Amino acid sequence: MTTQQQAVDALFGAFNTAWSVNANYPAIWPGKTPEVEPIKQTNPWAFVNIVHEAGKQLSLAGADGKKLWGRKGRFNCEIYIRIGSGTEEAYTLARSVELAFLGKTIDGVVFRSIQLKEMGNHGDWFLICVFVQFEYDEVI
């Protein structure tokens, strides 16, 4: 069974493995302070976060009082590319994130329903998002 922290580690681990190929491109997430504020540079950058949705009880309590809970959520990756540099790199970066999760189960976390969505222009940036649905079981 997977704990919430193990699920978070699996999600960020898969993303970091895919994104690390682009060593000069920063990625930020809640709780992480970037070395350089991404919006003040010209390189592509990513903002990622995890949203856990309501879980549901899957079993009655065992002799030890513990129950099996089904957990679900969504991993969100927003990829920003400077307008004028073309969208090919945006799609390449989004595809690398998609492939980090596509058809995989990592440490008990199952990834499904992966979507790439072009969100259009946001200020000086073109935004493309990768949304990954995930689920895992936890014993509490």
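Quick note: numbers below take in every heavy atom, side chains included, and nothing from hydrogens, waters or symmetry partners. Keep in mind that this is a model prediction, so the values were computed, not measured.
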Within a strict 4.5 Å, meaning less than it, do heavy atoms of the V130 and F101 side chains meet? no

Mind telling me whether Y91 and F126 have parallel, tilted or perpendicular rings, with 30° and 60° as the class edges? tilted

Nearest-0.5 Å distance that lies between atom CZ in F12 and atom OG1 in T17: 13.0 Å

Verify, without hydrogens or angle tests, whether K104 (side chain) and V109 (backbone) share a donor-acceptor contact under 3.5 angstrom. no

ring-ring contact (aromatic ring centres under 6.0 Å, His included) against H122, all qualifying residues, sequence neighbours excluded: none

Supply the atom-to-atom distance K66 NZ to E138 CD, rounded to the nearest 0.5 angstrom. 10.5 Å

Residues at least two apart in sequence or cross-chain that pass salt bridge (charged side-chain N to carboxylate O under 4.0 Å, His left out) with E53, listed by chain then number, are R74

Distance (rounded to the nearest 0.5 Å) between L116 CG and I79 CD1: 7.5 Å

Nearest heavy atoms of A46 and C77, plus distance in Å: CB-SG, 4.2 Å

Interatomic distance, N121 atom CG to I81 atom CD1 [nearest 0.5 angstrom]: 12.0 Å

Can you name the closest pair of heavy atoms from A7 and T2 and give their distance? N-CG2, 3.7 Å

Taking all atoms of both residues into account, what is the closest heavy-atom pair of W29 and A27, and its distance? CZ3-O, 4.0 Å

Can you name the salt bridge (charged side-chain N to carboxylate O under 4.0 Å, His left out) partners of E98, sequence neighbours left out? R95

Other than W69, which residues form its hydrophobic cluster under the rule that side-chain heavy atoms must be closer than 4.5 Å? I140

Mind checking what makes salt bridge (charged side-chain N to carboxylate O under 4.0 Å, His left out) contact with E135, not counting sequence neighbours? R112

Side chain proximity check, P44 to L93, heavy atoms < 4.5 angstrom: yes

So which atom in F15 and which in F75 form the shortest heavy-atom distance, rounded to 0.1 Å? CB-CZ, 3.7 Å

Starting from L99, can I reach V110 by hopping between I/L/V/M/F/W/Y residues whose side chains sit under 4.5 Å apart? no

Could you list the residues that satisfy salt bridge (charged side-chain N to carboxylate O under 4.0 Å, His left out) with D9, not counting sequence neighbours? none

Scanning both residues in full, the closest heavy-atom pair of R82 with D124 reads NH1-CB, 3.0 Å

Are H52 and F134 packed together at the side-chain level, in the sense that at least one heavy-atom pair is separated by less than 4.5 angstrom? yes

Kindly indicate, with the supporting measurements, whether the criterion side-chain contact (heavy atoms from CB on, under 4.5 Å) is fulfilled by L11 and F111. CA-CA 9 Å; L11 287 157; F111 304 106; 3.3 Å; yes

Any link between L102 and V132 through a network of hydrophobic side chains (Ile, Leu, Val, Met, Phe, Trp, Tyr) touching at under 4.5 Å? yes

How many angstroms lie between atom OH of Y80 and atom CH2 of W125, to the nearest 0.5 angstrom? 10.0 Å

In Å, rounded to the nearest 0.5 Å, how long is the span from CG of N43 to OG of S85? 10.0 Å

Main chain of L68, side chain of S59: is a donor-acceptor contact present, judged purely on distance under 3.5 Å? yes

Backbone N or O of Q6 within a donor-acceptor pair of the T3 side chain at under 3.5 Å? yes

Minimum heavy-atom separation for I106 and A100, please, with both atom names. CD1-O, 4.3 Å

According to a 4.5 Å side-chain heavy-atom criterion applied to Ile, Leu, Val, Met, Phe, Trp and Tyr, with indirect links allowed, do L127 and W19 form part of one hydrophobic cluster? no

Is there side-chain contact between V51 and F131, with heavy atoms separated by less than 4.5 Å? no

Would you check if P30 and F47 make a side-chain contact, meaning some heavy-atom pair closer than 4.5 Å? yes

